[in-house]
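Proteins get letters first, then strands, A, B, ... in listed order; numbering begins at 1 in each. Note that these values count all heavy atoms, side chains included, but never hydrogens, waters or copies made by symmetry.
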Amino acid sequence: MIYSLSTRLLNICIASLCKIQKLDRAEAVIIDAIRLGYIPDVVTYNTLISAYSRFVGVDEAYSVLHRMREAGIKPDVITYNSLIAGASRNCQPSRSLDLFEEMHHNGILPDTWSYNTLMHCFFKVGQPEEAYKIFCDMELRNITPCVTTYNTIINGLCKTGNAIKALRLFRDLKRQGFAPSIVTYNTLIDGLCKSRKSRLAGGVLRELGKSGCTRDLKTCTTVMKCCFRSGNFDRGFEIFSDMRKEGCAFDSFVYCTVISALAKLGKIKEAYERMEEMMKDGVRLDMVCYNTFINVYCKQGEMSLAHQLLNEVQGCGLQSDEYTHAILIHGFCKLGDIDSAMAHLERRPAESNLVASNCLIYGLFKVGRADFALKLFNELSIKDGFTYTIMLHGLCKCGRYLAAFDILMTCLSNRVKISSSAKRAVCIGLRESGFRKEERKLRSAIRLARLLVS
DNA sequence: ATAGGGTTAG
């Protein structure tokens, strides 16, 4: 009784240290506690292993497993599930599978959680077939799937570009008596919105209203974001103010969604107000928040404020990411300060940041350095619809309509998505400079592409 | 111990 009480105390202490990410300290406490006669148990170590795998890395978490064994405590299914979750977070499916094997080897049977996590990992790295195999294995071994299992599959399908299949699965499951949770609805609505199936998403949203589930903050964020994405800004802001009326406590997701929308519309003053409000609410700022703020400053052309914030980020132990750099480079390009943009890009490999490269191409055209833009374009090993759209606009701007024509024809035959304004610019340019034959060819190619796509 | 929402380029 005394032992179990002290173990529980120890576990509470370890859990709080893990929560504030003082992991070295937590382990030191365990060692001291043992010396003082406390007896750690599997929960003590599982807490630590879970925290290491979440905040540090799987290797570090795995080394705790060794020390756990040395202390005479046997790992259980939760120990391994934490490690598998860590490997999954790092997109290491083979590592997850190894852990799965090792678990089997040690006589620990994987449970629903283990399988769910493993499936999630395969979806995350874009291997839905492998995830499906895991699901079959699960059935074979009589491990009963749960709501999370299906939510993982629905999410996985959405994230691998199969939102319609996800919806079909959802319908099938419901027919079989599956009770969706709010997570199921949120996942599906978000997936459909991102695949530009907002009408279907609206249908699922109405279905949620009729179900026994209650919508939550994530539902609202998802729907609001969906409105902004489809250009329905008024409706998006309306959802935000409705949430406020209902007395919702906003988190960083809500604020970042709204602030970005305001920044996109150039409503900088309102963006600042929301930023202030966010700070007043005491929302903890992560890298996404800082990126959102830096973007607001960049939109305003306040590059020194943007940089100041970047320095602040490094001061609080956060790591700037590819978003940060793309935002800053775009900021410089908008101002026509191509040198600063280049200098910034040089510190980061261009190949690994397609958005930044796209911005730079845009910036080069903007200052009239079309040949340099073409050189950069040709050097890119990966290009996307944005790259081509920016190129087309740039080439039209400096009157190189035939070059634009060639690129656009290639895009059409390769089904690369090009903005309609870029297509229009090329057609008009060709016509006005007398390239009638090319214009005709292009227009019929555009018509044909439209027919084939839909 | 697993699943869902937020940040960049035309």
Side-chain angles (χ1 to χ4, degrees), chain A residues 43 46-47 49-50 53-54 76-86 88-89 111-121 123-124 146-156 158-159 181-191 193-194 216-226 228 250-261 263-264 286-296 298-299 321-331 333-334 353-363 384-394 417-422 425:
Chain A
V43 176
N46 281 351
T47 309
I49 286 174
S50 163
S53 111
R54 185 179 300 273
D76 64 6
V77 64
I78 296 179
T79 319
Y80 275 97
N81 286 349
S82 304
L83 291 167
I84 295 170
S88 162
R89 240 174 262 124
D111 61 5
T112 310
W113 292 62
S114 327
Y115 278 97
N116 290 349
T117 311
L118 199 56
M119 261 193 336
H120 178 233
C121 184
F123 275 123
K124 206 172 161 189
C146 64
V147 196
T148 302
T149 313
Y150 294 114
N151 289 347
T152 304
I153 297 173
I154 288 172
N155 180 45
C158 290
K159 297 285 149 74
S181 69
I182 184 61
V183 176
T184 322
Y185 285 107
N186 288 349
T187 307
L188 203 50
I189 292 167
D190 185 57
C193 280
K194 285 185 179 143
D216 61 11
L217 196 64
K218 291 186 175 74
T219 320
C220 299
T221 318
T222 302
V223 177
M224 185 168 67
K225 173 71 197 172
C226 184
F228 292 145
F250 297 147
D251 62 7
S252 65
F253 285 73
V254 177
Y255 277 121
C256 288
T257 308
V258 169
I259 293 168
S260 303
K264 189 158 277 173
D286 60 12
M287 201 53 232
V288 177
C289 301
Y290 278 109
N291 285 340
T292 307
F293 288 9
I294 291 172
N295 186 41
V296 173
C298 286
K299 280 274 177 339
D321 57 18
E322 54 173 17
Y323 283 81
T324 325
H325 299 286
I327 289 164
L328 285 165
I329 286 166
H330 182 242
C333 287
K334 271 277 178 202
N353 196 335
L354 180 58
V355 180
S357 302
N358 288 346
C359 292
L360 201 60
I361 292 175
Y362 156 86
D384 65 1
F386 279 102
T387 321
Y388 289 104
T389 299
I390 292 165
M391 280 303 293
L392 294 174
H393 276 300
K417 210 159 164 41
I418 300 297
S419 80
S420 41
S421 72

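Atom CD1 in Ile390(A) sits roughly 11 Å away from atom C1' in dT8(B) (whole-Å rounding). Between the NZ atom of Lys194(A) and the P atom of dT7(B) there is a distance of 8 Å, rounded to whole Å. For the pair Tyr362(A) OH and dT8(B) P, the computed distance is 16 Å after rounding to whole Å. Rounding to whole angstrom units, CG of residue Asn353(A) and P of dT8(B) are separated by 14 Å. Atom NZ of Lys218(A) and atom P of dG6(B) are 11 Å apart (whole Å).
Among the atoms of the strands shown, none is found under 4.0 Å from any heavy atom of Asn46(A). When heavy atoms are screened at a 4.0 angstrom cut-off, Ser252(A) is found touching base atoms of the nucleic acid. Counting non-hydrogen atoms under 4.0 angstrom, Ile182(A) reaches a base of the nucleic acid. Counting any heavy atom pair closer than 4.0 Å across all strands shown, Ile153(A) reaches no nucleic acid atom. Nucleic acid contact for Lys124(A): none, since no nucleic acid atom lies under 4.0 Å from a heavy atom of the residue. Contact annotation for Ser419(A): base contact, defined as any heavy-atom pair under 4.0 Å involving a base atom. Here Cys333(A) lies out of heavy-atom contact (under 4.0 Å) with every strand. Across all strands shown, Thr187(A) has heavy atoms under 4.0 Å from sugar-phosphate atoms exclusively, and none from any base.
Distances from the side chain of Ser260(A) to the nucleotides dA1(B), dG6(B), dT8(B) place dT8(B) closest. When distances are taken from the side chain of Tyr323(A) to each of dA9(B), dA1(B), dT7(B), the shortest belongs to dT7(B). When the nucleotides dT2(B), dG10(B), dG6(B) are ranked by their closest atom to the side chain of Thr257(A), dG6(B) comes out on top. The side chain of Thr389(A) lies closest to dG10(B), out of dT7(B), dG5(B), dG10(B). Of the listed nucleotides (dT8(B), dG6(B), dA1(B)), dA1(B) has the atom at the smallest distance from the side chain of Asn81(A). When the nucleotides dA9(B), dA1(B), dA3(B) are ranked by their closest atom to the side chain of Asp111(A), dA1(B) comes out on top. For Arg54(A), the side-chain atoms get nearest to dA1(B) when compared with the rest of dG6(B), dA1(B), dA3(B). For Phe386(A), taking side-chain heavy atoms from C-beta onward, the closest of the listed nucleotides dG6(B), dG10(B), dA3(B) is dG10(B).
Side-chain atoms of Thr152(A) and Asn155(A) form no donor-acceptor pair, as typed in the model, at a separation below 3.5 Å.
Residues that satisfy the disulfide (SG to SG under 2.5 Å) test with Cys359(A), not counting sequence neighbours, are absent from this structure. Remark: Lys159(A) engages no residue in a salt bridge (charged side-chain N to carboxylate O under 4.0 Å, His left out) (not counting sequence neighbours).
Checked against Trp113(A) for a side-chain contact (heavy atoms from CB on, under 4.5 Å), the options Asn81(A), Val77(A), Ile78(A), Ile84(A) give a single hit: Asn81(A).
Atom OG1 of Thr324(A) sits about 3.5 Å away from atom CE of Met287(A), to the nearest 0.5 Å.
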